[in-house]
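Structure record follows, encoded as structure tokens.
When a ligand or atom number is given, it counts from 1 through the structure's own listing order. Throughout, numbering of the chain's residues begins at 1 and tracks the sequence.
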Amino acid sequence: MLTFYNELHSQHRGRHEFFRGELVPCFEKPERVDQVLAELGRRGLGQIVTPHSVPPMTLERVHTPRYLAFLRNAWTDWVALDPANAGKDAFPAVWPVRTLRSDIEPDNFCAKLGLYSMDSGTPITSGTWIAAKSGADCAVNAAHALRLGERGTFALTRPPGHHAGADFYGGYCFLNNAALAAQHMLDDGARKVAILDIDYHHGNGTQSIFYDRNDVLFVSIHADPRSEYPFYLGHADETGHGAGLGFNVNLPLPHGASTQAWFAALETACLRLQMFQPEALVVSLGVDTFAGDPLSHFGLQSADYLRVGERIAYLGLPTAFIFEGGYAVKELGVNVVNVLEGFDTAL
Ligand code: SP5
Ligand code: ZN
């Protein structure tokens, strides 16, 4: 396993997120990646390298220019509202739902925050842009290494990416690392790429980015959005649109689903991936399916993650793992590295 490590991840350091009427400490914190890096070192799972930066144009293959401009300037604009904002995270407080217009970008920065976001749980901080941009570099590097012949690569980065759409952030995500990885391989000559999203939460951003396309198959196993974030996308009847019809597969599981049910869904996912015959696979690797996760209600145990990696390896595809969610910080290293080791040692 060749790991690309985004050492600038810690530049994104949110203080709080809104939860039920109050500000609570962020679940998505730098210690998450620190734990995985430490465990990778202990287990000696192969080289850990620093990614090269990719041209800014690469981001525009997935995200809109006006969203990227917003995100790049967000912190400066936030502090320009009031110098005292330098000590506070930026949060939206107003959103252009349904009959309100989102085609005109307001001048007011607070209004921009709402235009480009989907929740109040995702703080923008002074280093958010640099962490997210270098994270995107990290994911694209992991994808490119597959094109150069690597069998398995890992993008160790945060903030995560799979909730971020072409022009919005949310769910702790700003740039869609998995989508950028898949798009990069297509731009480099791959004809078909698949994305398997095994984070506890539905990858609404990734789904929406590829929803009308047949060159990317998106398959996701996640908690039923009726009861879990992101709530407004991720149902089984979302199968794609236009040319993309049949190229989106959602496998939602009920609140508290058993580990057996989860692995049965993984089997279904793998069959669909195999039928698609992609040239490469991107895995949105969230381990918030862990029994001890503070946000989630599935029951996977640490040892189960070895089987997850093993099953993915049996697909026989060049695979880039992209780190997403997982908030049981103490066990995070073991759970993530178990997936990678299961992949490496299979066959
Ligand atoms: C990448 C990723 O896993 N994003 C998840 C975003 C979930 N945001 C909603 C979190 C709600 C916080 N709930 C606190 C429950 C405390 N028991
Ligand atoms: Zn998640």
Side-chain angles (χ1 to χ4, degrees), residues 6 9 12 14-33 35-36 89 91-92 117-124 128 131-132 135-136 139 155-165 168-180 195-209 220-234 250-253 255-257 262 265 282-300 305 308 321-329 331-332 335-336 339:
N6 170 21
H9 76 87
H12 176 64
R15 296 170 175 83
H16 297 110
E17 60 182 82
F18 270 109
F19 178 63
R20 297 187 183 163
E22 56 181 5
L23 287 167
V24 301
C26 286
F27 290 91
E28 203 294 289
K29 50 192 177 189
E31 293 73 27
R32 297 176 60 246
V33 156
Q35 288 285 344
V36 178
D89 294 344
F91 284 107
S117 68
M118 61 180 284
D119 63 48
S120 61
T122 310
I124 292 179
T128 296
L156 177 53
T157 187
R158 50 171 292 284
H162 75 149
H163 295 302
F168 62 89
Y169 70 95
Y172 315 150
C173 305
F174 299 90
L175 297 175
N176 196 310
N177 301 319
L180 287 159
I195 301 175
L196 171 63
D197 189 324
I198 57 172
D199 187 279
Y200 177 79
H201 305 95
H202 175 250
N204 62 282
T206 316
Q207 168 172 315
S208 64
I209 287 163
S220 180
I221 306 167
H222 51 269
D224 194 321
R226 285 176 176 81
S227 54
E228 292 288 359
Y229 190 90
F231 302 119
Y232 313 112
L233 209 68
N250 282 330
L251 303 169
L253 296 169
H255 186 280
W262 193 91
V282 174
V283 177
S284 267
L285 177 56
V287 292
D288 36 11
T289 48
F290 178 57
D293 195 277
L295 295 192
S296 312
H297 304 94
F298 286 172
L300 272 70
Y305 291 103
V308 174
F321 292 89
I322 314 290
F323 188 41
E324 302 279 4
Y327 307 97
V329 175
E331 296 91 346
L332 205 48
N335 293 346
V336 169
V339 175

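No option in His163, Met118, Arg158 other than His163 meets the side-chain contact (heavy atoms from CB on, under 4.5 Å) test with Cys173.
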Could you pull out all donor-acceptor pairs under 3.5 Å where a side-chain atom in residues 17-24 meets a protein atom, sequence neighbours excluded?
{"unit_1": "Glu17", "atom_1": "OE1", "unit_2": "Phe27", "atom_2": "N", "d": "3.4"}
{"unit_1": "Glu17", "atom_1": "OE1", "unit_2": "Tyr172", "atom_2": "OH", "d": "3.0"}
{"unit_1": "Glu17", "atom_1": "OE2", "unit_2": "Tyr172", "atom_2": "OH", "d": "2.9"}

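Here His201 meets the criterion, with an N, O or S atom under 2.8 Å of the Zn ion (ligand 2).
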**OP:** Could you check Ile209 against Asn176 for side-chain contact (heavy atoms from CB on, under 4.5 Å), going step by step and ending with a plain yes or no?
**Re:** CA-CA 9 Å; Ile209 287 163; Asn176 196 310; 3.8 Å; yes

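With hydrogens and angles left out, the side-chain atoms of Ser227 and Asp224 include no donor and acceptor closer than 3.5 Å. His222 and Asp197 form no side-chain donor-acceptor contact under 3.5 Å, judged by distance and modelled atom types alone. No side-chain N or O of Tyr327 forms a donor-acceptor pair with one of Glu28 less than 3.5 Å apart.
Once rounded to the nearest 0.5 Å, the distance linking CG of Asn204 with CG of Leu233 reads 6.0 Å.
The N, O or S atom of Asp288 with the smallest distance to the Zn ion (ligand 2) is OD2. With respect to the Zn ion (ligand 2), Asp199 has OD1 as its nearest N, O or S atom.
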Go ahead and list the nitrogen or oxygen contacts between ligand 1 and the protein that come in under 3.5 Å, distances to 0.1 Å, or just say none.
{"unit_1": "ligand 1", "atom_1": "3 (O)", "unit_2": "His201", "atom_2": "ND1", "d": "3.1"}
{"unit_1": "ligand 1", "atom_1": "3 (O)", "unit_2": "Asp288", "atom_2": "OD2", "d": "3.1"}
{"unit_1": "ligand 1", "atom_1": "3 (O)", "unit_2": "Tyr327", "atom_2": "OH", "d": "2.6"}
{"unit_1": "ligand 1", "atom_1": "4 (N)", "unit_2": "His163", "atom_2": "NE2", "d": "3.3"}
{"unit_1": "ligand 1", "atom_1": "4 (N)", "unit_2": "Gly171", "atom_2": "O", "d": "3.0"}
{"unit_1": "ligand 1", "atom_1": "4 (N)", "unit_2": "Tyr327", "atom_2": "OH", "d": "3.4"}

